[in-house]
Amino acid sequence: MPAHLRPLRLGVNIDHVATIRNARGGDHPDPVRAAEIVAAAGADGITAHLREDRRHIRDDDISRIQAATNLPLNLEMAATAEMVEIALRHRPHAACIVPEKREERTTEGGLDAAGLFDQLYPVVTRLADAGIRVSLFIEASERQVEAAMKLGAPVVEFHTGEYAHAERENRARELKRITDMAALAAKNGIEPHAGHGLTYANVQAIAVIPQLAELNIGHYLIGEAIFTGLEHAVRHMRELMDTARPSAGAGLGA
Ligand code: PXP
């Protein structure tokens, strides 16, 4: 299905290909090769997080990824002066502002868009003025969606970690929170995305939320790729998302 007809896009986060490469300090496995396979497998975008400590994607990977595929690049980045300069130099299609702590294993929670308003406002404005689609990686809460509105962010990505890791009895509550906030964001002209901790087993309950326009999925897909290959893993995730959603053309936000 052509990407522009898809009700729900899949962005594949290729960071962990670079994590494996970096474990030995050489060039293999190359995340650019992963980006090419992901594109051929029918993903709609490439997502990569340039961390302060460069633990996975490195600076030179960004332009190499941009040159290797026609897919839009969603650059995940902290709201720091260094990252803003890098984003302005590379002008990715989108920049997703994430919270970042050096010692964390992964992005453990959402950005406090409300509490960090003064720090975020110039970052969002500079990136948006450069034509980069700014997204804020936030918890699904009214306070954070309202802050995103005030900041003028066109996109929010809801952190699905709490949902993905919730015990059975709390899962419905987490799902409702994301469902309600996706509706609130869309009602206020913000395109909602979601990601973190999504797997074959938990993706469909998220994919069914009608306002969501994009899911960004990384760790699970790269892990599955070890067993079944990256192309198969991406294709299977796409199929699960497409099955959960109504047919092409009926969706929102494509
Ligand atoms: N979206 C954002 C903003 C992220 O930072 C990450 C990685 O933490 C993901 C999506 C993908 O999460 P995962 O690797 O758990 O699929």
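If you're wondering where the values come from, they're calculated on a predicted model, not measured in any experiment. Just so you know, ligand 1 is whichever comes first in the structure, and atom 1 is the first atom listed for that ligand.
- Within the structure, every pair that satisfies the side chain to side chain donor-acceptor pair (under 3.5 Å) test and touches residues 123-145, not counting sequence neighbours, is listed here: E85-R126, D112-Q144, R133-E191.
- Note: the hydrophobic cluster containing V145 does not contain V98 (ILVMFWY, side chain heavy atoms under 4.5 Å, direct or indirect links).
- Salt-bridge annotation for E146 and K150: absent, with no side-chain N of the basic residue lying under 4.0 Å from a carboxylate O of the acidic one.
- When ring centroids are compared, Y200 and H236 come within the 6.0 Å threshold.
- Contacts of ligand 1 (protein heavy-atom distance under 4.0 Å) are N13, E76, C96, V98, T106, T107, F137, E157, H196, G197, N216, I217, G218, H219.
- Side-chain atoms of R245 and D242, non-hydrogen and from C-beta on, never get closer than 4.5 Å to each other.
- Taking both residues in full, the closest heavy atoms of I206 and L212 are given as O-CD1, 3.4 Å, listed atom of the first, atom of the second, then distance.
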